[in-house]
Protein chains: 2
Amino acid sequence: METTTQPATPENTPYAPTDRTVPTRSRDRATYDRAEVHAILDATYVCHLGFVRDGAPVVLPTLYARVGERLYVHGSTGSRPLRMAGAAPEDDPGLPVCLTVTHVDGLVLARSAFHHSINYRSVMVHGIARQVTDPDEKSTALDAFVDHVVPGRSADSRRADAKELAATAVLSLDLEEVSAKMRTGGPNDEPEDMDLPYWSGVVPLRKGYDPVIPSADLAPGIEVPDYLTRL
Amino acid sequence: METTTQPATPENTPYAPTDRTVPTRSRDRATYDRAEVHAILDATYVCHLGFVRDGAPVVLPTLYARVGERLYVHGSTGSRPLRMAGAAPEDDPGLPVCLTVTHVDGLVLARSAFHHSINYRSVMVHGIARQVTDPDEKSTALDAFVDHVVPGRSADSRRADAKELAATAVLSLDLEEVSAKMRTGGPNDEPEDMDLPYWSGVVPLRKGYDPVIPSADLAPGIEVPDYLTRL
């Protein structure tokens with residue numbers, strides 16, 4: 001197992017491209033910029049984790065959080081990827097995974113059906129996921145999950161006790177083989193289509209939250225905390 | 001290659017569970033209900049497509065659309081999963097894939113960090129993806145992509161010509177081995193935590209679109225179409 005110690009990599013050092021992080025198409029949309037990758041990863045909290053089981057692919061949506069150059073991925077001790085990663089650290093061969101995070105930012109409506117597109121930002125991480133067994137690192141990861149979703153929330157909730165920590169499985173995945181891909185801007189219509197009588201442009205997705213719904217059994221006098229009104 | 005003809009399966013016939021569509025945990029959150037699966041698939045347009053390359057998993061975000069009991073997945077002829085699926089129908093062994101669609105509906109804030117959760121709806125489809133080579137089926141798929149994102153749009157744009165059809169690769173994936181999973185409702189705190197002084201409840205995600213951004217070179221007099229104001 002690796003330790004929690006990580007080298008501090010400057011944000012201006014890009015990730016090194018590899019055979020599998022150089023796309024076969026739309027290379028101009030790919031970037032290895034560390035700060036851009038971090039920003040995409042930090043702007044949401046649900047990833048799609050791919051792994052191979054019995055020779056076939058499986059893609060699971062799950063919670064993740066970034067701490068420096070390491071991602072933590074949430075599971076339960078009964079979940080398939082974690083059981084596959086091995087129960088004990090000394091038995092842990094690691095699980096080859098591909099973790100992908102995608103933001104859909106807008107719909108791109110061109111005059112031609114062919115040039116319709118989606119504005120998006122995505123990050124793909126290839127690597128070996130390993131179980132986190134160190135209790136301190138696990139505790140760090142659980143705080144990160146909660147604060148990644150709602151910044152400031154972990155300090156305003158009851159922290160996990162030893163039993164809960166044991167019941168939560170966490171995988172770690174280091175950010176080494178990483179790429180981002182994105183599309184921005186309006187449609188790229190063919191010159192001969194510019195005078196067609198079809199509306200063209202971008203429909204941006206609205207991001208945000210609706211008003212909170214307090215638990216029916218919430219004790220009286222507990223106000224909506226500032227970190228929620230700031231969301 | 002399979003044909004475009006599909007048996008009409010009644011919406012009230014659930015998908016048959018298989019070893020890999022029965023979850024190892026939270027089985028009460030799984031469903032095989034055909035109408036629920038269709039509703040989850042029809043409510044968005046970006047999926048995460050998992051496949052195996054050189055023994056390792058790859059998860060790609062891409063566009064999809066449902067037509068009856070078949071999904072179409074968008075690619076380009078240069079993209080990796082499509083090249084792997086074979087260039088010609090007679091050479092096409094099919095590509096084992098796992099296609100996952102996830103909606104994040106809300107953040108579930110419990111009094112305890114451990115019981116924090118996400119309300120979500122997801123569908124996972126296992127199967128063999130095949131290249132669509134029939135021009136009529138490909139044309140149907142392209143219309144479906146556009147109308148799946150913006151209902152009514154394919155009739156209000158220039159349809160793909162033969163060259164564009166040839167440049168667009170489409171995979172088909174039949175809905176046979178399918179499951180849905182979802183979480184709804186508020187937090188499930190431990191009884192002994194109910195009096196803790198922490199706010200608890202649900203923060204629903206806001207879904208929708210911001211005002212459209214017309215192309216800078218949009219011809220004068222083209223109004224925003226009704227199907228966009230209805231979005």
What about the rings of A/Y72 and A/H148, do their centers lie closer together than 6.0 Å?
no
With a 4.5 angstrom heavy-atom cut-off, could you sort out which part of [X] is near chain B: side chain, backbone, both or neither?
| X | result |
| --- | --- |
| A/A110 | backbone |
| A/R153 | side chain |
| A/D156 | both |
| A/V146 | side chain |
| A/V202 | both |

State, yes or no, whether a side-chain contact exists between [X] and [Y] at a heavy-atom distance under 4.5 Å.
| X | Y | value |
| --- | --- | --- |
| B/S200 | B/P187 | yes |
| A/H116 | A/L109 | yes |
| A/L71 | A/L99 | yes |

Trace of the salt bridge (charged side-chain N to carboxylate O under 4.0 Å, His left out) decision for B/R159 with B/D143
CA-CA 8 Å; B/R159 296 196 74 192; B/D143 283 352; 2.6 Å; yes
Interface residue of largest heavy-atom contact number with chain B, from A/S154, A/G201, A/S157, A/P96, under 4.5 Å:
A/S157
Turns out that what part of B/Y45 lies under 4.5 Å from chain A's heavy atoms comes down to side chain
